[in-house]
Amino acid sequence: MKVKKTWLWVMTPVALSLGLYGCGSGSDSDLAVDNNAQSCSVVSSSGSAVVVGSGVAGDPAAPEAASGYRLGYKAKQSSKYMVVANTPLATKAGCDVLKAGGTAVDAAVAVQAVLGLVEPQSSTIAGSAFMMYYDARTKKVVAYDGRETAPAAATGHYLVRQDQGDASSPAPVPNARRSGRSIGVPGVMRMLDMAHKEHGKLAWNKLFDEGVNLASNGYRIPGRMGSAISGSASSLMLDSNAVAAYFNADGTPKATGSITTNLPYAQTLRALASGGADAMYSGAMAEAIVAKAAQSVGDDAAKTPITPSLMTVNDLKNYQAKKREPVCTTYRASYYICTMSPPSSGGIAIAQGLGILENFELSKYGPANPTNEGGVPSVMGVHLVSEAERLAYADRDKYVADTDFIPLPGKGVSTMLDKAYLKQRAALIKPDGNSMGVVAAGDLGTVPLGVDKTVEYGTTHFSIVDAYGNVVSMTSTVESSMGSYHMVGGFLLTNQLTDFSAQPVDSAGVPIANRVAPGKRPRSTMAPTLVFKGTEPGDFVMATGSPGGGTIIQYVLKTVVGAVDWGLDAQQATSLVNFGATNSATTNVDGANTALDLTGLIDGLKAKGHTVNSGAQSSGVSTIMRVQRNGQTRLEGGVDPRREGIVLGDGAL
């Protein structure tokens, strides 16, 4: 059996642009259509252009079993537009939209629609996302919040008691994650709809076509998806919809490389295309989501009990995506960094980390031999960055939650990013001494809040620059791999509410900022990030971000420091060994690239009192930089070698 080629591949760019144009902000004559037939393709080893998804030799969408860290990646360059995502088919869908004259937001809709199909272990159209958007015309940055919310019936004990009002009530079964209690009111489609209405040029109803095509006509299961199906088989088997989507007729999980379809997903995308985001938040789809979340027994032979969600159709009807003020700060008086605001804790932590690090001459401590996969980080570089992160995580764990419910201390973001405060925090770091290990949160006034160290899990990230100069950095999530394992309409429901603190108070009875409350958004670490030269938006330098749950802060900070302090290109900064620390005694050094000798680094860190975890990590950073190469301004992209993604743009890359 062969996967059918999509209509998108064979249409000319002009015809495609006419098919896609709709109610956005431009007109046909305004569209920056690319007529280069080789754009959005990859260059094979023979030098010829290869269409992604064609199945021919060199096609990056012809999956192999996941093999860990992939060696030999070099930065890709284009001149007008670029997209980087963690699966080739999603990257291709977004690039084709850019080729047809679409904006970065138009492309983001297409990317998310395909990711929900081919990367369900990391994101879903019924999940949540944060988007940083730079408007090149107005030179403004806006943060879009599509985070899930807790149902109106949820209280502080929603995740730990079946009967929230009964202190002796047993915990949700089979466990909080697999139960309906982990499922939040989805937000990503409302967020994309809001952003598209403000910044889209192409018709919303055509941005789902590639997702519909792949779901209807078939695609090959990527390696990470195949591994996730196999690893989650026992939990998925409690749901008949998941079994139909991810298992063969003989009951075995569908394997990496096998061709599959998802006809219910195609139908869902058609409904979203014709009805807009409203199709998910009212009517038949909303009712189906609520019914699935309320399932009280499994579809398995044993009829395994499942504690149901208390979500209602009204919860969906009342959900609102939000525009928020981004968290922005200067760095070394040379760069302007904008990242995500609460309910993300990642943005504040990254901005704090940079504010601490600018008190040190970090440029002296770059990696050795950076042309070799980003090189081997220096002991002092890792020491300084990880110490700054310990201080930032300490504040994050104590102070940051959904600010619609729990305000930040003092004057808010400005208090937490105050340069004098961060200089005081930096003074706690001993460059020539040992690691601090676990540190206390900064003194930001009398704030009666307990510390919350709730662990977060996987997500996906993509970065997009369009031909108009607009930029999207977007992180999207299903939370843990395959979410809550509940499936309806061909898509998975998340376990996002487990990002809340399970207990509303700490061991001393002090309320925790990140406790569950009706309509509240769980704290996240997702941190889509934009970097500009100077002290305000305008001179775009970089879009980056990463999956990785609670370690996102470490991955993104490493990438930004690698690019702006150590002069690494987009691929080197992305490929560079991941390192960093939460507020713990352990410092992480990613051992995924076994071709590098990290012995000296690890021994040096141990000599400075670090307890080193050198196990392999799996992030998924995607980076686009605007650079000067050979006298020309270029876009330069890097994709994480730990994932399956690719970089595409104008011309064959």
Side-chain angles (χ1 to χ4, degrees), residues 1-13 16 34-100 107 111 114 118-119 210 213-214 217-226 256-259 371-373 462-463 569-572 574-575 595 622-624 629-630 634-653:
M1 177 181 177
K2 293 184 178 179
V3 182
K4 296 181 182 178
K5 291 184 179 180
T6 70
W7 63 267
L8 204 56
W9 300 338
V10 298
M11 288 183 72
T12 66
L16 180 58
D34 177 12
N35 292 301
N36 183 349
Q38 292 191 338
S39 292
C40 300
S41 61
V42 298
V43 179
S44 70
S45 57
S46 65
S48 60
V50 175
V51 174
V52 178
S54 60
V56 303
D59 177 11
E64 299 176 358
S67 56
Y69 191 103
R70 300 172 298 171
L71 297 172
Y73 271 54
K74 303 297 180 185
K76 304 292 187 181
Q77 292 185 15
S78 65
S79 59
K80 298 176 183 176
Y81 59 83
M82 181 173 281
V83 56
V84 187
N86 280 329
T87 62
L89 293 172
T91 307
K92 176 64 162 56
C95 191
D96 279 328
V97 168
L98 298 180
K99 183 176 180 179
V111 169
V114 173
V118 304
E119 202 186 27
E210 182 63 354
N213 171 69
L214 293 169
N217 297 327
Y219 65 97
R220 292 188 182 275
I221 293 177
R224 291 178 65 85
M225 178 180 173
T256 295
S258 61
I259 295 171
T371 58
N372 182 14
E373 312 296 334
F462 50 92
S463 301
D569 69 26
Q571 188 58 58
Q572 292 166 352
T574 304
S575 296
S622 65
T623 302
I624 298 176
R629 300 286 188 229
N630 301 318
R634 307 283 288 172
L635 294 172
E636 187 173 82
V639 63
D640 201 303
R642 304 159 189 85
R643 295 256 176 152
E644 297 165 304
I646 58 170
V647 181
L648 293 175
D650 54 293
L653 305 187

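Note that the structure is predicted; figures quoted are calculated from it, not measured.
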Exercise. How long is the gap from NZ on Lys74 to CD on Glu373, to the nearest 0.5 Å?
Worked result: 6.5 Å
Exercise. Does any N or O in the side chain of Lys99 come within less than 3.5 Å of the main-chain N or O of Asn36, such that one atom is a donor and the other an acceptor?
Worked result: yes
For this session: Please name the pair of heavy atoms, one in Thr256 and one in Gly226, separated by the smallest distance, quoted to 0.1 Å.
Result: OG1-CA, 3.5 Å
Exercise. Should Leu653 and Val42 be marked as a side chain to side chain contact (heavy atoms under 4.5 Å, CB included) after you check the CA-CA gap, both sets of side-chain angles, and the distance that decides it?
Worked result: CA-CA 5 Å; Leu653 305 187; Val42 298; 6.0 Å; no
For this session: Apply the test side chain to side chain donor-acceptor pair (under 3.5 Å) to residues Ser622 and Asn86: give CA-CA distance (whole Å), side-chain angles for both, the deciding distance (0.1 Å), then the verdict.
Result: CA-CA 8 Å; Ser622 65; Asn86 280 329; 5.8 Å; no
Exercise. Can you tell me how far CG of Leu214 sits from NZ of Lys92, rounded to the nearest 0.5 angstrom?
Worked result: 9.5 Å
For this session: Kindly indicate whether the side chain of Pro63, heavy atoms from C-beta on, has any atom under 4.5 Å from the side chain of Tyr219.
Result: no
Exercise. Under the 3.5 angstrom rule, does the side chain of Glu636 hit a backbone N or O of Ala570 as a donor-acceptor pair?
Worked result: yes
Problem set entry | Side-chain heavy atoms of Arg629 within contact of Asp569, under 4.5 Å | yes
Exercise. Can you tell me how far the OG atom of Ser39 sits from the CG atom of Leu98, to the nearest 0.5 Å?
Worked result: 10.5 Å
Exercise. Are any non-hydrogen side-chain atoms of Thr91 and Val84 less than 4.5 angstrom apart?
Worked result: no
Problem set entry | Val639 vs Thr574, side chain to side chain contact (heavy atoms under 4.5 Å, CB included): CA-CA, chis, key distance, verdict | CA-CA 7 Å; Val639 63; Thr574 304; 5.8 Å; no
Exercise. Quick check: does any side chain N or O of Glu644 sit under 3.5 Å from a backbone N or O of Gly223, one acting as donor and the other as acceptor?
Worked result: yes
For this session: Would you name the heavy atoms of Ile646 and Pro60 that are closest together and state the gap between them?
Result: CG2-CB, 3.8 Å
Seminar exercise, completed: For Val118 and Thr87, the nearest pair of non-hydrogen atoms, with its separation, is CG2-OG1, 3.4 Å
Exercise. Within the side chain of Arg70, is there an N or O that forms a donor-acceptor pair under 3.5 Å with the backbone of Asp640?
Worked result: yes
Exercise. For the residue pair Gln571 and Tyr73, what are the closest heavy atoms and their distance?
Worked result: CG-O, 3.4 Å
Problem set entry | Least distance between heavy atoms, Asp650 atom then Ser79 atom | OD2-OG, 2.7 Å
Exercise. Which value, rounded to the nearest 0.5 Å, describes the distance between Leu635 atom CG and Ser463 atom OG?
Worked result: 11.5 Å
For this session: Quick one: closest heavy-atom pair of Ser575 and Arg642, and the distance?
Result: O-NH2, 3.6 Å
